[in-house]
Amino acid sequence: GECTEGVWQVLGAHRALVGRLQQQRTWLRDDGGRIALELQTAAPGEAFGAPQLVGGRFHAAAAWYPGAEPRRVLFAERASAGTLPPLSAIGGGTTVMAVLNARAKSLEIAPWRDRWPAVLGDIRFARSAGSLLAVDAEGHALRLVPEAAQTALLAVSGGHPCELFGEIEGERLRPLTIAVDGEVIAL
């Protein structure tokens with residue numbers, strides 16, 4: 001497949017138990033703006049490789065798996081952690097409708113895809129019918145997954161607009177990273 005070399009930003013990560021296997025999804029963005037997924041699995045009792053810190057940046061060469069965007073990547077070699085300053089913002093945030101439209105186009109090509117990366121800007125949180133919503137400046141909203149760190153999101157954002165990165169799962173958003181006041185925070 002295609003190989004590229006450059007600077008990568010760690011947007012967010014999530015670990016889950018899938019059957020008997022642990023799975024770690026790490027979402028990254030290259031210096032050209034393309035979002036990629038590094039997918040790792042581990043058997044019971046095994047550990048993942050060194051985790052990448054959310055908001056971190058590193059220089060690496062990567063091989064892209066074939067398929068529809070966003071594609072998976074495999075890193076050949078990474079520069080040592082901490083060689084580049086961390087992010088102070090997620091950047092590149094868009095609206096809820098733009099993310100949903102991009103996801104819909106992707107599902108036309110790859111209907112089996114069950115997660116979609118969402119980089120959202122100017123987000124506030126609101127409650128509706130017992131759920132927390134991520135609401136953009138246009139008033140469009142995504143309902144958060146029930147297990148989202150709702151208290152942390154409300155406390156960190158303080159009711160102010162923020163940047164948010166997460167995964168759309170079905171019709172809900174799993175927030176993974178929030179950026180407020182020059183800080184990028186993993187959830």
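Please read these numbers as outputs of a predicted model, since none were measured by experiment. One is the number of the first residue; the rest follow in order along the sequence.
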- Query: Which distance, rounded to the nearest 0.5 Å, do you find between the OG1 of T26 and the CD of Q52?
  - Reply: 7.5 Å

- Item | Intermediate values then yes/no, side-chain contact (heavy atoms from CB on, under 4.5 Å), V119 and T94 | CA-CA 6 Å; V119 182; T94 187; 5.6 Å; no

- Within the side chain of T177, is there an N or O that forms a donor-acceptor pair under 3.5 Å with the backbone of L11? yes

- Query: Applying the 4.5 Å side-chain criterion to the ILVMFWY set and letting contacts propagate, would F165 and L37 be lumped into a single cluster?
  - Reply: yes

- Message: For R57 and L87: C-alpha separation, side-chain torsions, deciding distance, then whether side-chain contact (heavy atoms from CB on, under 4.5 Å) applies.
- Response: CA-CA 7 Å; R57 296 171 57 225; L87 297 174; 3.5 Å; yes

- Task: Specify the closest pair of heavy atoms between V10 and L53, including all atoms of both residues, with the distance to one decimal.
- Result: CB-O, 3.4 Å

- Message: What's the separation between atom CG in L187 and atom CZ in R174, rounded to the nearest 0.5 Å?
- Response: 11.0 Å

- Message: Let me confirm one number: the CH2-NZ distance from W116 to K105, rounded to the nearest 0.5 Å.
- Response: 10.5 Å

- Task: Give the minimum heavy-atom separation between A89 and V184, together with the two atoms involved.
- Result: N-CG2, 3.6 Å

- Message: Going by the rule salt bridge (Lys or Arg N to Asp or Glu O under 4.0 Å), which residues pair with E2 if we only count those two or more places apart in sequence or in a different chain?
- Response: R34, R71

- Gap separating the CD1 atom of I35 from the CG atom of L28, nearest 0.5 angstrom: 9.5 Å

- Note on the structure: Those residues at least two apart in sequence (or on a different chain) that pass salt bridge (Lys or Arg N to Asp or Glu O under 4.0 Å) with E167 are R25, R115

- Query: Within the side chain of D31, is there an N or O that forms a donor-acceptor pair under 3.5 Å with the backbone of V7?
  - Reply: yes

- Query: Taking a hydrophobic cluster as the set of Ile, Leu, Val, Met, Phe, Trp and Tyr residues connected by side-chain heavy atoms closer than 4.5 Å, whether directly or through intermediates, do V156 and L176 fall within one such cluster?
  - Reply: no

- For the student: nearest non-hydrogen atoms of C162 and V180, plus distance: CB-CG2, 3.4 Å

- Message: Would a single hydrophobic cluster contain both V99 and L173, if residues Ile, Leu, Val, Met, Phe, Trp and Tyr are joined by side-chain heavy-atom contacts under 4.5 Å?
- Response: yes

- Query: Can you list the steps and then say if L39 with Q23 is a side-chain contact (heavy atoms from CB on, under 4.5 Å)?
  - Reply: CA-CA 7 Å; L39 183 64; Q23 182 184 78; 3.4 Å; yes

- Message: With a 4.5 Å cut-off on side-chain heavy-atom distances among I, L, V, M, F, W and Y, is there a chain of contacts connecting I185 to L154?
- Response: yes

- Task: Verify side-chain contact (heavy atoms from CB on, under 4.5 Å) between L164 and L153, making sure each step is shown before the conclusion.
- Result: CA-CA 10 Å; L164 189 66; L153 288 166; 4.1 Å; yes

- Message: In this structure, would I178 and I123 fall into the same cluster of hydrophobic residues linked by side-chain contacts under 4.5 Å?
- Response: yes

- Query: Would you find a donor on one side and an acceptor on the other, under 3.5 Å apart, between the side chain of S157 and the backbone of H160?
  - Reply: no

- Task: Look at atom CZ of R127 and say whether more than 12 heavy atoms of other residues, nucleotides or ligands are closer to it than 6.0 Å.
- Result: yes

- Distance col, row I168:CD1 vs L100:CG, nearest 0.5 angstrom, shows 5.0 Å

- Query: Where is the tightest heavy-atom contact between S106 and R113, given as atom of each residue plus distance?
  - Reply: OG-NH1, 3.1 Å

- Message: Return the CZ to OG distance between R172 and S131, rounded to the nearest 0.5 Å.
- Response: 5.0 Å

- Parallel under 30°, tilted from 30 to 60°, perpendicular over 60°: which one fits the rings of W8 and W64? tilted

- Query: For the residue pair G12 and V54, what are the closest heavy atoms and their distance?
  - Reply: CA-CG2, 3.9 Å

- Message: Looking only at side-chain N and O atoms, does R29 offer a donor or acceptor that is under 3.5 Å from a partner on Q9?
- Response: yes

- Item | Check: A134 main-chain N/O paired with R143 side-chain donor or acceptor under 3.5 Å | no

- Query: Side chain of D122, backbone of P161: donor and acceptor closer than 3.5 Å?
  - Reply: no

- Could you tell me whether E69 atom CD has more than 12 heavy atoms of other residues or ligands within 6.0 Å of it? yes

- Query: Ignoring hydrogens and geometry, is there a side-chain-to-backbone donor-acceptor pair from E163 to G91 under 3.5 Å?
  - Reply: yes

- Could you tell me which non-hydrogen atom of F48 sits nearest to which non-hydrogen atom of Q22, and how far apart they are? CZ-CB, 3.5 Å

- Message: With a 4.5 Å cut-off on side-chain heavy atoms, are Y65 and L74 touching?
- Response: yes

- 4.5 Å side-chain heavy-atom contact, P175 and L144: yes

